[in-house]
Amino acid sequence: MELTAQAGSLSAITSAREVKEPGNRALGVGLEARGVHAWFGDKHVLSGVSLDFWPGTVTALIGPSGCGKSTFIRTLNRMHEFIPGAAMAGDVLLNGEDIYAPGVDVTKIRLKVGMVFQKPNPFPSMTIAENVLAGLKLAQLKSENKDDLLEECLERAGLWSEVKDRLNTHGGALSGGQQQRLCIARSLAVRPQVLLMDEPCSALDPGSTLRIEETISHLTSSVTIIIVTHNMQQAARVSDYTAFFLSDGGPGQMIEVGSTNEIFSRPKDKRTENYVTGRFG
Amino acid sequence: MSTVTAQIMPKPSKPWAASPLDRAKTGGIFLAAVLASFAVVASTPLKGKLAYILVFFAAYIMIDFASTFIKVGRQGAVDAVFRAVVTMAIAIAVTPIISILITVWLRGHKGLHIGLFTTDMRSTAYTDPINQGGLLHAIIGTFLLVFFAMIISVPIGILTAIYLTEIRGKFTRPISFLVQAMSGVPSIVAGLFIYAAILLPLTKKLNGIEGSLALAILMIPTVARMSEEVLKLIPSDLREAGVALGGTQWRSVAMVVVPAARSGLITAVILGIARVAGETAPLLLLTGGSGSKNYNMFKDSMGSLPNYIWQCFATGTPESITRAWAGILVLLVIVVVLFAAARTLGNRKVGKK
Ligand SMILES: Nc1ncnc2c1ncn2[C@@H]1O[C@H](COP(=O)(O)OP(=O)(O)O)[C@@H](O)[C@H]1O
Ligand SMILES: [Mg+2]
């Protein structure tokens, strides 16, 4: 009874949301993965994932731990190769161009496809303001008006009102939720086209989690968001599309993808249904 | 939003790895820089090995910068220069080490013979033909001296580190300062200290343990400082988790923190050993040298490799100098073997079999 109650509440959340059609389809898919596989050494951890991420949408990746969600999103901005022994196959296209093609400048890719990590990681040696603008320095970008950019990014991350009086203090003194929003502001400052978020709320309290979810809703007009989450309610609340990943002991696979409402109210695959209703094991 | 199941299993690939073309380019730049160094040395007053090397480095960096600049622009080119400079710094750092190894081998291998490891110098003079006598006594002596120094200094060093990082008592700051200052103590001072504190007033004789004590004085700060750094790297969550399970601080340090830091602590001990294995001055002062085997740390002077090497050089005939180089070679091999053994011990991952 309880299980169905949970499923019921999830689809109630999702059907209350208006389903967001992918923005202007004429502009094309922003980011697409084509048959992506990933390995760590000899261990095949991700098999044949193909997904489109349309501009202006939020896609949630759900699935049990260890099924390759983090690995998958790290292939989308070429962070996967950071790990020694990592290998991959398949294509990732950003605005139609293969990001793994020879001669592609990987720093430009990571500039366009930003990332927010699971644990808030503001740079400890920098003040709040320096943290937000760190990307400009790291990537040697020019900015006309740094103060405006600072305010805009903190505003979009929902943090401005809380820190505007102490921009020159260190970020470490903020709460976990504030630190995570600071990290979001930091990744917005370089104006990414896509933002990858790997369980951005798993280290945060419910209040901070809600604030971040609000932040995500505000961002979608300008940024494509891909968020990994273990929280079904969160996926239901923030995402337009949901993809379910699963590993049956072997490499992780994407079992099903669809509009979030579909996945939570009438999934096609039995395994998806078991997972979203909590009947998983 | 479509799901395409891959019919065929693709091969793992690393699109980010350097392609053969990239490698050929690097090779080309390398060759061009070598040619440039020859050309410059031939056509200008610059002369000597140093000139070749300097011109080569400068040429390499310039060509590398220019070619990356054309390909990916200024930022990428600066990155390439950064990488080239780091690589060259490593080359410069490694060159003296390699050249020492080569020199030691070239001069020392002539003095190698099987008798080195089976006989001592009891009835042989340093000036005798080199195939007579051996340095078994010195090897035994060095092992004993270092072993006892280790027995004394490792517990003290690691416990000091635990005091500094885990107990964090009132004296943490002064002790931390003292340990740092002590790592700069010259070996002869450690030797003189034991000489004045033990040899002169008490024993009035040379023996092994006095040498070991002096070596221990040199080893303690190295072991303590390295261990302190290693223990500091253990996240405090781990300590809290141990204590939160109801462990006393001592149990949680012994069961959780120290095992987590094991490989680093082993490295600390090795660095300590490496610091003292070749020490000569305190041994000359306290342990002396002897041509015959001595297993008793508490009685009579004791041979050691550094002492053997020093005496052979001091004797100054061609035979004795060859002996000295052979001794250096053996000492070096022992140190390298120690390093390798401890490295493999330390590298076994914590948490894996
Ligand atoms: N750095 C790594 N080295 C080796 N294996 C890894 C590494 N990171 C992750 N894995 C393995 O890859 C699989 C997928 O991990 P991950 O992508 O982190 O899963 P998820 O984010 O869905 O929990 C897991 O089996 C994990 O053990
Ligand atoms: Mg993960």
Side-chain angles (χ1 to χ4, degrees), chain A residues 22 29 32-44 47-54 57 59 75 78 80-82 85-92 98-109 138-141 240-244 251 253-259 262 268-269, chain B residues 1-29 64-84 86-87 90 232-238 240-241 244 263 347-349 351-353:
Chain A
V29 186
E32 43 188 319
R34 290 274 160 272
V36 169
H37 293 251
W39 288 262
F40 288 109
D42 295 332
K43 193 171 163 214
H44 192 191
S47 176
V49 177
S50 298
L51 263 176
D52 296 349
F53 303 98
W54 293 86
T57 63
T59 306
T75 61
R78 294 194 56 172
H80 180 56
E81 65 205 59
F82 221 75
M88 60 92 65
D91 298 311
V92 178
D98 184 1
I99 66 170
Y100 284 99
V104 167
D105 183 354
V106 42
T107 56
K108 300 251 156 51
I109 299 298
L138 282 169
Q140 300 179 17
L141 301 179
D240 305 299
Y241 296 93
T242 297
F244 173 58
Q253 277 174 312
M254 191 185 66
I255 303 298
E256 184 173 355
V257 59
S259 80
E262 251 165 47
K268 296 194 187 68
D269 197 291
Chain B
M1 293 275 168
S2 62
T3 316
V4 183
T5 359
Q7 252 77 41
I8 35 159
M9 195 30 216
K11 277 220 167 58
S13 71
K14 302 190 177 193
W16 49 86
S19 67
L21 185 66
D22 293 334
R23 266 191 234 119
K25 265 189 203 150
T26 312
I29 297 177
D64 196 24
F65 182 85
S67 68
T68 340
F69 192 94
I70 294 164
K71 214 171 82 189
V72 296
R74 199 181 62 84
Q75 278 189 43
V78 172
D79 198 43
V81 167
F82 171 73
R83 230 170 304 163
V86 169
T87 314
I90 288 178
K232 269 193 204 153
L233 289 179
I234 302 296
S236 61
D237 304 11
L238 231 47
E240 293 180 6
S263 72
N347 271 353
R348 277 192 303 184
K349 284 258 167 51
K352 291 189 180 162
K353 291 137 264 183

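Proteins come first, then strands; the chains are lettered A, B, ... in the order of their sequence lines, and each starts at number 1. Since this is a predicted model, take the numbers as computed values, not measurements.
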Worksheet item: Side chain, backbone, both or neither: which part of K11(B) has an atom under 4.5 Å from a heavy atom of chain A?
Response: backbone

Practice prompt. Using the six-membered ring wherever Trp is involved, compare the ring planes of H80(A) and W16(B) and label them parallel, tilted or perpendicular (cut-offs 30° and 60°).
Written response: perpendicular

Discussion item. To the nearest 0.5 Å, what is the distance between CZ on R74(B) and CD on Q140(A)?
Written reply: 5.5 Å

Discussion item. To the nearest 0.5 Å, what is the distance between CH2 on W39(A) and NZ on K14(B)?
Written reply: 11.5 Å

Worksheet item: Got a donor-acceptor contact below 3.5 angstrom from the Q75(B) side chain to the A139(A) backbone?
Response: yes

Discussion item. Restricting to non-hydrogen atoms, name the atom on A89(A) and the atom on S13(B) that form the minimum distance, rounded to 0.1 Å.
Written reply: CA-OG, 4.4 Å

Practice prompt. Identify which part of S19(B) has an atom lying under 4.5 Å from any heavy atom of chain A, answering side chain, backbone, both or neither.
Written response: neither

Discussion item. I'd like to verify something: which residue of M88(A), K108(A), E32(A) has the highest number of heavy-atom pairs under 4.5 Å with chain B?
Written reply: M88(A)

Item to complete: Could you check if a side-chain atom of P12(B) sits within less than 4.5 angstrom of a side-chain atom of H37(A), using non-hydrogen atoms only?
Response: no

